[in-house]
Amino acid sequence: MSLVEKLLSSARKHRSLAIALLLGPPLTYLTIYFFAPFIITVLYSVGLIGGRGTLTGNISIKFYRQALRWVYIKVFYNSLILAALATVGCLLLAYPVAYFIAMKAPKKWRNPLVVSVIIPYWVDFLLRTYALMNIFAMLGIMFRYDAVVIGMIYDYLPFMILPLYASLEKIDRSLLEASYTLGASPWKTFIHVTLSLSKPGIAAGTILVFVPAIGEFIVPTMIGGVSVTTIGTLTWDLFLKFHDWWRGAAVSVMYIAVVLAALAIYMRKVGELEI
Amino acid sequence: MSSDMVVLKNVVKRFGNIVASNGINMNVRRNEFFSILGPSGSGKTTLLRIIAGLERPDKGRVIINEDDVTNIPPYKRSIGMVFQNLALFPHMTVYNNIAYGLRLRNLTEDEIGFKVKESLRLMRMSPEVFANRKPSHLSGGQKQRVAIARALVTQPAVLLLDEPLGALDLKIRQHMMLELKRIQRTVGTTFIYVTHDQGEALVMSDRIAIMHEGKIEQVGSPREVYEKPRTKFVANFIGEANFFEGVMREGFVETNFGKIKVKEEIPASRKVIVSLRPERIRIGNAAVGSENMFKVKIIDLIYRGDTLIVIASLEGIEIKISVPAIHPEVMRLERDKDTWIGWNSGDEAGIFELED
């Protein structure tokens, strides 16, 4: 028996051990950096943790009641609209780019072009936003809502281009040719075949942009200043300006609930497409 | 009305240094099952794509149903096409796949439904069972039928088929060959069928064009191209053949193992190749009395069920002989033994002049 065979057979014998060893590190990591902070946040939001981290032993929903005030709901609404605008903007800009790279560019140019989409994003997010601030200042559109939308589109564009490219690139060219031979013009072929078959890419890109865009903090803060308030800036203010961790925690939990609900509805819609 | 449905006039197509179509002239008649047969790389698929309008010829004209369509895009040509990978739309049901071409033609949904069901029945598929299935839930043979139905339902002037049976296993392929022939007879549409499989071409076609390196070597009925191949390539590609090299003399060919009497007239002293089908060669006692008789040594016997293939050596040249397995001589044939082979002048499939 070779060493590899020995290892394989012992791995088969100790299957549960192997699974534990494989899952152990990521689970530990997630527990410390994700689950624990999340549970602490929930504990704060229901008032189980009091001042200076002491346990109160009383559950209360008063922070949620405070978080449901009209000003906060409006912030939620603003964030969703802003995220939706950024998502639609990304989709409209990304589709032609992904389409060109996947369908029109010569094969040997596809990978270099995809890389060229990503390269600007190797520069730090913050630095890029500073660069944008300079450009917007020159154009005289700083602190405007449209500038925030443009900034968010800029920051999230590759998250839309890449999944779109992946789904477009997979489309079998003979399907387009079949459509032509059945009498469909290039435009009708695009609508009925290409666009339909790229729906998984549209769905993935939309989620990848929309979800982080709802919680966006840096762009609204730096480019929007005080004129644009989002869930991200609100949470920041509650925690760090007003040191109201309880209300901040309640807003955060509600934000997660809203995103999960939106995702669930969206995924069900996407699931109905069944490609 | 011209009797030709598709006419290619001096069609030339190059891909870089490769000449895929080297001055092709071809006439496909109305209601004909026409096959383009050739090895891979012979340019047969390119030719089909030029007829479809998916490739543009560098030179020459393409005429479909008396209209010059050389500069007309595929979606304005009266064609249907069945692709090698079938190219069924994976996101659409069988019904919507077949209805696709009809919807582009402004028919009412009632008319579309009627035609889709009718075409499924022509393919011997139950509309109730299959209409709402996705292509991923169909077997290979069923996908085949849907692809053909989709291409035929718009009643094109010509149906182009690009090796559609390639992916099927032998039994289904044999069945689909007969089905295609039946469908073609039923609808009467002109079929142009591209294949590298001589069996498919011989079984289904009214006429076959044999392609080689961007050129058409011969066009004819299956019987013509098999029995009277015009070039050595055709003789070799269609069926099997033995080739003997020699020099033409008066009424016979002089080879390095003896004289072969032949019927064909070729000017004397030319270098020629005689081709002879394995089933035309008699063996053992049956060979006695033939005009051409040679002693050979049996190298191998291959039992094929219906026939026995004898591999024999004639002065070092390997010869294939095919004998019906029930032939009385079969029992006497043994490996490493000597026997006689023979044939008469006129049995040869052809004599081809060698170019110097």
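Letters A, B, ... are given to chains in the order of the sequence lines, protein chains preceding strands, and every chain is numbered from 1. What's counted below: heavy atoms across the whole structure, side chains too, no hydrogens, waters or symmetry copies.
The number of heavy atoms from other shown groups lying within 6.0 Å of CZ (F15(B)) is above 12. More than 12 heavy-atom neighbours from other residues, nucleotides or ligands sit within 6.0 angstrom of CD on E179(B). Crowding of K188(A) atom NZ: a count of heavy atoms from other residues, nucleotides or ligands under 6.0 Å not exceeding 12. Counting non-hydrogen atoms of other residues, nucleotides and ligands closer than 6.0 Å to CZ of F34(B) gives a total above 12. The neighbour count for R14(B) CZ, taken as heavy atoms of other residues, nucleotides or ligands under 6.0 Å away, does not exceed 12.
Note: T154(B) OG1 to L182(A) CG = 6.5 Å, rounded to the nearest 0.5 Å. Of the inter-residue distances, the one linking E177(A) atom CD with D162(B) atom CG reads 10.0 Å to the nearest 0.5 angstrom. Rounding to the nearest 0.5 Å places OG of S185(A) at 8.0 Å from CG of L104(B).
Of all heavy-atom pairs spanning L197(A) and P90(B), the tightest one is CD2-CG, 3.7 Å. For L88(B) against L175(A), the heavy-atom pair with the smallest separation is O-CD2, 3.3 Å. Y75(B) approaches A184(A) most closely through the heavy-atom pair CB-O, 3.3 Å.
At a 4.5 Å heavy-atom cutoff, L102(B) makes no contact with chain A through either its backbone or its side chain.
Of the listed residues R77(B), M92(B), R105(B), the one with more heavy-atom pairs under 4.5 angstrom with chain A than any other is R105(B). Heavy-atom pairs under 4.5 Å with chain A were tallied for P156(B), P74(B), G53(B), S78(B); the largest tally goes to P74(B).
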**OP:** Determine, step by step, whether Y100(B) and S179(A) satisfy the side-chain hydrogen bond (donor to acceptor under 3.5 Å, both in side chains) criterion, reporting the C-alpha distance in whole Å, the side-chain angles of both residues, the deciding distance to 0.1 Å, and the verdict.
**Re:** CA-CA 8 Å; Y100(B) 190 87; S179(A) 173; 2.7 Å; yes
**OP:** Report the C-alpha separation of H192(A) and R103(B) in whole Å, then their side-chain angles, then the decisive distance to 0.1 Å, and conclude whether the side chain to side chain contact (heavy atoms under 4.5 Å, CB included) test is met.
**Re:** CA-CA 11 Å; H192(A) 295 307; R103(B) 294 217 166 101; over 6 Å; no
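Side-chain atoms of L54(B) and Y180(A), non-hydrogen and from C-beta on, do get closer than 4.5 Å to each other. The closest side-chain heavy-atom distance from T181(A) to F83(B) is below 4.5 Å. Considering only heavy atoms from C-beta on, F89(B) stays 4.5 Å or farther from S196(A) through its side chain.
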